[in-house]
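These notes are about the structure you will find just below.
Counting begins at 1 with the first residue of the sequence.
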Amino acid sequence: MTLGVALAGANATNYVDEILEQARGVADAGVRAVWFGQRMDYDSPTLAAIVGREVPGLQVGTSAIPVVGRHPLLVSSQAQTAQAATGGRYHLGLAVGSNLAASAFGVPFDRPITRLREFLTGLRELLDTGTADYRGELLTVTPPLPTAVAGARPRVPVLVAAMGPQALRVTGELSDGTLPYLAGPKTLSEHIVPEITRASETAPRIVAFVPGVVTADIEGTREKALQQLAFYEQVPSYSRVIELEGATRAADLALIGDEETVAAGIRRYYDAGATEVVLTTTDLAGADDQRRTWKLLGELAAAG
């Protein structure tokens, strides 16, 4: 995957139907990858499995499932089932999580880096061997029965939405790459890429998630971005990377403008070390500009 789109639906009568329609539109535009966040409503691996099965050739991924409140056995089962359903086109994205995610499960958000390390260690053993015998401080993964899902090949790629130094080191050691969001080109090149590369035995995937939309209504769309992305300014991991970039608002990281402007912004991420770029919030300026944005991504993908 090189270029992708993060999909989300609003005011849908049937959420799955809405996302399927969007995914078909993305594929028709020539974009070959779609990603789904994990919220408190739909289940992202299930949604990815449905979309990947219904839209042939489309790569599907989740970005990202918080490890807090979840267990490697359950996530392994979900991921492998999605991989089998899509014929090997599923990409699993995980996240450290937050107090908000932990509170939903009624569990403490403590020792997040230790939990991430243990989660990835257990999950990796499950995916690599079809079983596990792992006992950590916070997690135990000792299935009494085989865990491999027939047809879940190749091995499910595992990526982590890691942006802080400790999380990046664990991610580099135990996963296939990272999924940074709101981390601009400067932050990628000076902090994220060097940190994870030092910890990785092989070249890691750097899948940069970037708010972006092609539109003529630049001011109106930027105002919507200011409102919609303000939530992330209150989350420490995001506020840190926004500050590292020299920005004051999350919306400052959004690529908003005509085709030339957005394409140039995307190129800056590749120049900074991203191996893939995924545009998010492409619906900020309405359906017509969303399709215009997908068309640009399809053209850039075709041009290589």
Side-chain angles (χ1 to χ4, degrees), residues 4-13 15 18-19 21-23 25-26 31 34-42 44 47 62-66 93 95-101 103-104 161 163 179-188 207-266 268-269 277-297:
V5 176
L7 296 181
N11 304 316
T13 302
Y15 195 85
E18 167 67 21
I19 294 300
E21 183 179 353
Q22 289 189 33
V26 168
V31 183
V34 293
W35 293 78
F36 311 101
Q38 180 61 60
R39 308 190 313 201
M40 297 288 179
D41 45 11
Y42 65 81
S44 57
L47 187 60
T62 56
S63 178
I65 301 170
V96 175
S98 63
N99 278 312
L100 181 65
S103 66
M163 296 188 292
L179 304 159
Y181 178 52
L182 294 177
K186 176 185 175 184
T187 305
L188 279 184
V207 187
F209 281 67
V210 185
V213 59
V214 177
T215 182
D217 182 15
I218 296 173
E219 292 305 317
T221 304
R222 189 165 299 282
E223 183 60 36
K224 291 179 183 177
L226 284 166
Q227 298 173 12
Q228 187 165 322
L229 301 178
F231 163 80
Y232 296 100
E233 297 161 13
Q234 312 306 314
V235 180
S237 58
Y238 292 116
S239 63
R240 174 181 175 272
V241 293
I242 292 169
E243 183 178 352
L244 284 174
E245 195 65 21
T248 56
R249 301 296 304 274
D252 295 339
L253 280 301
L255 304 178
I256 299 172
D258 60 15
E259 284 81 358
E260 183 177 351
T261 298
V262 174
I266 289 172
R268 286 194 292 274
Y269 280 86
V277 174
V278 178
L279 287 195
T280 73
T281 59
T282 60
D283 60 345
L284 270 175
D288 288 343
D289 282 342
Q290 184 175 47
R291 286 188 291 269
R292 185 178 169 187
T293 306
W294 297 347
K295 181 175 182 290
L296 170 65
L297 294 179

Of the non-hydrogen atoms in [X] and [Y], which two are nearest, and what is the gap between them?
X	Y	answer
Ala64	Gln38	O-CB, 3.5 Å
Arg39	Gly9	NH1-O, 4.2 Å
Ala183	Tyr269	O-CE2, 3.3 Å
Met40	Ala104	CE-CB, 3.7 Å
Leu188	Ala208	CD1-CB, 4.2 Å
Val31	Gly4	CG1-CA, 4.0 Å

| field | Partner residues of Ala250 under the side chain to side chain contact (heavy atoms under 4.5 Å, CB included) criterion, sequence neighbours left out | value |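 Testing Ala250 for side chain to side chain contact (heavy atoms under 4.5 Å, CB included), a comparison that skips the adjacent residues, returns Leu182, Leu229, Glu233, Ile242.
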| Taking only residues two or more places apart in sequence, or in another chain, which ones meet Ala254 in a side chain to side chain contact (heavy atoms under 4.5 Å, CB included)? | Pro211, Ile256
| request: Take Leu179 and Val278, measure what side chain to side chain contact (heavy atoms under 4.5 Å, CB included) needs, and give me the verdict at the end. | output: CA-CA 10 Å; Leu179 304 159; Val278 178; over 6 Å; no
Calculate, to the nearest 0.5 Å, the distance between atoms [atom1] and [atom2] belonging to [X] and [Y] respectively.
X	Y	atom1	atom2	value
Arg240	Leu244	CZ	CG	5.0 Å
Thr293	Asp283	OG1	CG	9.5 Å
Gln228	Leu284	CD	CG	5.0 Å
Glu245	Thr187	CD	OG1	4.0 Å
Leu255	Thr215	CG	OG1	13.5 Å
Gln290	Leu7	CD	CG	7.5 Å

| Leu297 side chain reached by Ile266 side chain, heavy atoms, under 4.5 Å | yes
Donor-acceptor contact present, side-chain [X] to main-chain [Y], <3.5 Å:
X	Y	value
Asp289	Arg292	no
Tyr181	Ala161	no
Gln22	Ala8	yes
Glu259	Val214	no

| task | Taking the six-membered ring for Trp and the full ring for Phe, Tyr or His, determine whether the centres of Phe36 and Tyr42 are under 6.0 Å apart. | result | no
| request: Give the intermediate values and the outcome of side chain to side chain contact (heavy atoms under 4.5 Å, CB included) for residues Leu296 and Val262. | output: CA-CA 9 Å; Leu296 170 65; Val262 174; 3.8 Å; yes
| query | Crowded around Asn11 CG? As in, over 12 foreign heavy atoms under 6.0 Å? | reply |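 For Asn11, atom CG is not crowded (no more than 12 foreign heavy atoms under 6.0 Å).
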| Sole candidate of Thr62, Val207, Leu279 that passes side chain to side chain contact (heavy atoms under 4.5 Å, CB included) when paired with Trp35 | Val207
| task | I would like to know whether Val210 and Val277 meet side chain to side chain contact (heavy atoms under 4.5 Å, CB included); could you show each step before the answer? | result | CA-CA 7 Å; Val210 185; Val277 174; 4.2 Å; yes
